[in-house]
Student: 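Structure in structure tokens, see below.
Worth saying up front: this structure is predicted, and the values here are computed from it rather than measured. In listed order, ligands and their atoms are each counted from 1.
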Amino acid sequence: MIKKVDHIGIAVKSLDGALPFYTEVLQLPLIGIEEVESQKVKVAFIKAGETKLELLEPTSTESPIAKFIEKRGEGIHHLALGVESIEERIREMSEKGIRMIDEHPRPGAGGAEIAFMHPKAASGVLVELCEKKVKKG
Ligand SMILES: C[C@H](C(=O)O)C(=O)SCCNC(=O)CCNC(=O)[C@H](O)C(C)(C)COP(=O)(O)OP(=O)(O)OC[C@H]1O[C@@H](n2cnc3c(N)ncnc32)[C@H](O)[C@@H]1OP(=O)(O)O
Ligand SMILES: [Co+2]
């Protein structure tokens, strides 16, 4: 079911402000930066050994990240677990009575499909299921 911890999401006010700690102080490689409009975020992926850190900057006051920072300040936002056949995983979770935020996968960063579980279902942790769609051809 779960292949790995795909990434750890960290909510930050600005990528420019947060990145130097990870790339200069910790010397972790920056994989890339991209905007995910549907989630109202700009994200920076950083390689951290076998997993990744995902710094998330809100691109609007309506962004879930803006709301999170407003309420709780910057900090760890979500845990993303790498899965295969995400549609089936979502169905499995629903059948187990797990409260899903997403009943169907949504586009995530890096061409992934993602789906969130409600934090109440996971002892207060926002869990993201994430399937990297390998580009065919
Ligand atoms: C694109 C990229 C990718 O990887 O590809 C991403 O990750 S996108 C990442 C950004 N996108 C998302 O996060 C989308 C999924 N998130 C959401 O739908 C929403 O943020 C949400 C439903 C988790 C929370 O919405 P909200 O804050 O308006 O709702 P509420 O205020 O009612 O919060 C409901 C309860 O969840 C708690 N809560 C809210 N956010 C979090 C969080 N990140 N971790 C743990 N608990 C959380 C609140 O404190 C509250 O608990 P209490 O009731 O005890 O006070
Ligand atoms: Co994520």
Student: Atom 2 (C) of ligand 1: which protein heavy atom is closest, and how many Å away?
Tutor: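 So the nearest neighbour among protein heavy atoms is Glu54 OE2, 3.1 Å.
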Student: List the closest protein heavy-atom neighbour of atom 26 (P) of ligand 1: residue, atom name, distance to the nearest 0.1 Å.
Tutor: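 Its nearest protein heavy-atom neighbour is Lys71 NZ, 4.2 Å.
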Student: For the atoms NE2 of His78 and OE1 of Glu128, give the angle they form at the Co ion (ligand 2), rounded to 10 degrees.
Tutor: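 Seen from the Co ion (ligand 2), NE2 and OE1 are separated by roughly 80°.
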Student: May I ask whether atom 49 (O) of ligand 1 is less than 4.0 Å from at least one protein heavy atom?
Tutor: yes
Student: Looking only at non-hydrogen atoms, which of Lys52, His77, His78, Arg99 approaches atom 13 (O) of ligand 1 most closely?
Tutor: His77
Student: For a quick check under 3.5 Å, do His78 and Glu54 share a side-chain donor-acceptor pair by atom type?
Tutor: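 Side chains of His78 and Glu54: pair found under 3.5 Å.
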Student: Is Ala109 in polar range of ligand 1, meaning some N or O pair under 3.5 Å apart?
Tutor: yes
Student: Which of the atoms in ligand 1, numbered in the order shown and given with their element, are less than 4.0 Å from a heavy-atom of Ile101?
Tutor: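 Going through ligand 1 atom by atom, the ones under 4.0 Å from Ile101 are 18 (O), 22 (C), 23 (C).
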Student: Tell me, please: is Gly124 in heavy-atom contact with ligand 1, that is, under 4.0 Å?
Tutor: yes
Student: What protein heavy atom sits nearest atom 19 (C) of ligand 1, and how far off is it?
Tutor: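 Scanning the protein heavy atoms, the shortest distance from atom 19 (C) of ligand 1 goes to Pro64 CB, 4.6 Å.
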Student: Could you go through the salt bridge (charged side-chain N to carboxylate O under 4.0 Å, His left out) check for Glu113 and Lys133 one step at a time?
Tutor: CA-CA 7 Å; Glu113 290 199 326; Lys133 291 290 182 193; 3.7 Å; yes
Student: Honestly curious: do Phe116 and Ile98 fall in one hydrophobic cluster under the side-chain, below-4.5 Å linking rule?
Tutor: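 Hydrophobic grouping puts Phe116 apart from Ile98.
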Student: Provide the closest heavy-atom pair for Ala112 versus Lys132 in the form atom of the first, atom of the second, distance.
Tutor: CB-NZ, 3.7 Å
Student: Can you name the atoms of ligand 1, numbered from 1 with element, that are less than 4.0 Å from a heavy atom of Gln39?
Tutor: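 Selected atoms, number and element: 1 (C), 8 (S), 10 (C), 11 (N), 12 (C), 14 (C).
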Student: When you measure from the Co ion (ligand 2) to each N, O or S atom of Glu54, which atom gives the shortest distance?
Tutor: OE1
Student: Main chain of Lys40, side chain of Thr59: is a donor-acceptor contact present, judged purely on distance under 3.5 Å?
Tutor: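 Here the side-chain-to-backbone pair exists.
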Student: Given the protein's heavy atoms, is any one of them under 4.0 Å from atom 22 (C) of ligand 1?
Tutor: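 There is a protein heavy atom less than 4.0 Å from atom 22 (C) of ligand 1.
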Student: Salt bridge check: are Glu88 and Arg91 linked by an N-O gap of less than 4.0 Å?
Tutor: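 Between Arg91 and Glu88 there is no salt bridge, as every charged N stays at least 4.0 Å from the carboxylate O atoms.
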Student: Are Phe45 and Ile65 connected in a single hydrophobic cluster, I mean Ile/Leu/Val/Met/Phe/Trp/Tyr linked by side-chain heavy atoms less than 4.5 Å apart?
Tutor: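 Both belong to a single hydrophobic cluster.
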Student: Check for me, please, whether Leu126 and Ile114 land in the same ILVMFWY cluster - side-chain distances under 4.5 Å, paths through other members count.
Tutor: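 Cluster IDs for Leu126 and Ile114 match.
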Student: Examine the proximity of ligand 1 to Pro119 and report which part, side chain or backbone, both or neither, has a heavy atom under 4.0 Å away.
Tutor: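 Looking at Pro119 and ligand 1, just side chain atoms fall under 4.0 Å.
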Student: Right, does atom 52 (P) of ligand 1 have protein non-hydrogen atoms nearer than 4.0 Å?
Tutor: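 Yes.
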Student: Using a distance threshold of 4.0 Å (strictly less than), state whether atom 39 (C) of ligand 1 has a protein heavy-atom neighbour.
Tutor: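 No.
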Student: Any atoms of ligand 1 less than 4.0 Å from a non-hydrogen atom of Gly108? List them with their elements.
Tutor: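 Under 4.0 Å from Gly108, ligand 1 has these atoms: 5 (O).
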Student: Out of Arg72, His7, Lys120, His118, whose heavy atom is nearest to atom 46 (N) of ligand 1?
Tutor: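 Of the listed residues, Arg72 has the closest heavy atom.
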Student: Please lay out, stage by stage, how Leu53 and Leu28 fare under the test side-chain contact (heavy atoms from CB on, under 4.5 Å).
Tutor: CA-CA 10 Å; Leu53 305 179; Leu28 293 173; 4.2 Å; yes
Student: Heavy-atom contacts under 4.0 Å between Arg106 and ligand 1: side chain, backbone, both, or neither?
Tutor: side chain
Student: Any N/O/S atom, side chain or main chain, of His7 closer to the Co ion (ligand 2) than 2.8 Å?
Tutor: yes
Student: Assigning hydrophobic clusters by single linkage (Ile, Leu, Val, Met, Phe, Trp, Tyr; side-chain heavy-atom cutoff under 4.5 Å), is Met1 placed with Val125?
Tutor: yes
Student: Can you confirm whether Val41 sits close enough to Pro58 that some side-chain heavy atom of one is under 4.5 Å from a side-chain heavy atom of the other?
Tutor: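 Side chain of Val41 against side chain of Pro58, heavy atoms only: no contact under 4.5 Å found.
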Student: Could you see if Val43 belongs to whatever hydrophobic cluster contains Ile46? Use Ile, Leu, Val, Met, Phe, Trp, Tyr and a side-chain cutoff under 4.5 Å.
Tutor: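 No, no single cluster joins them.
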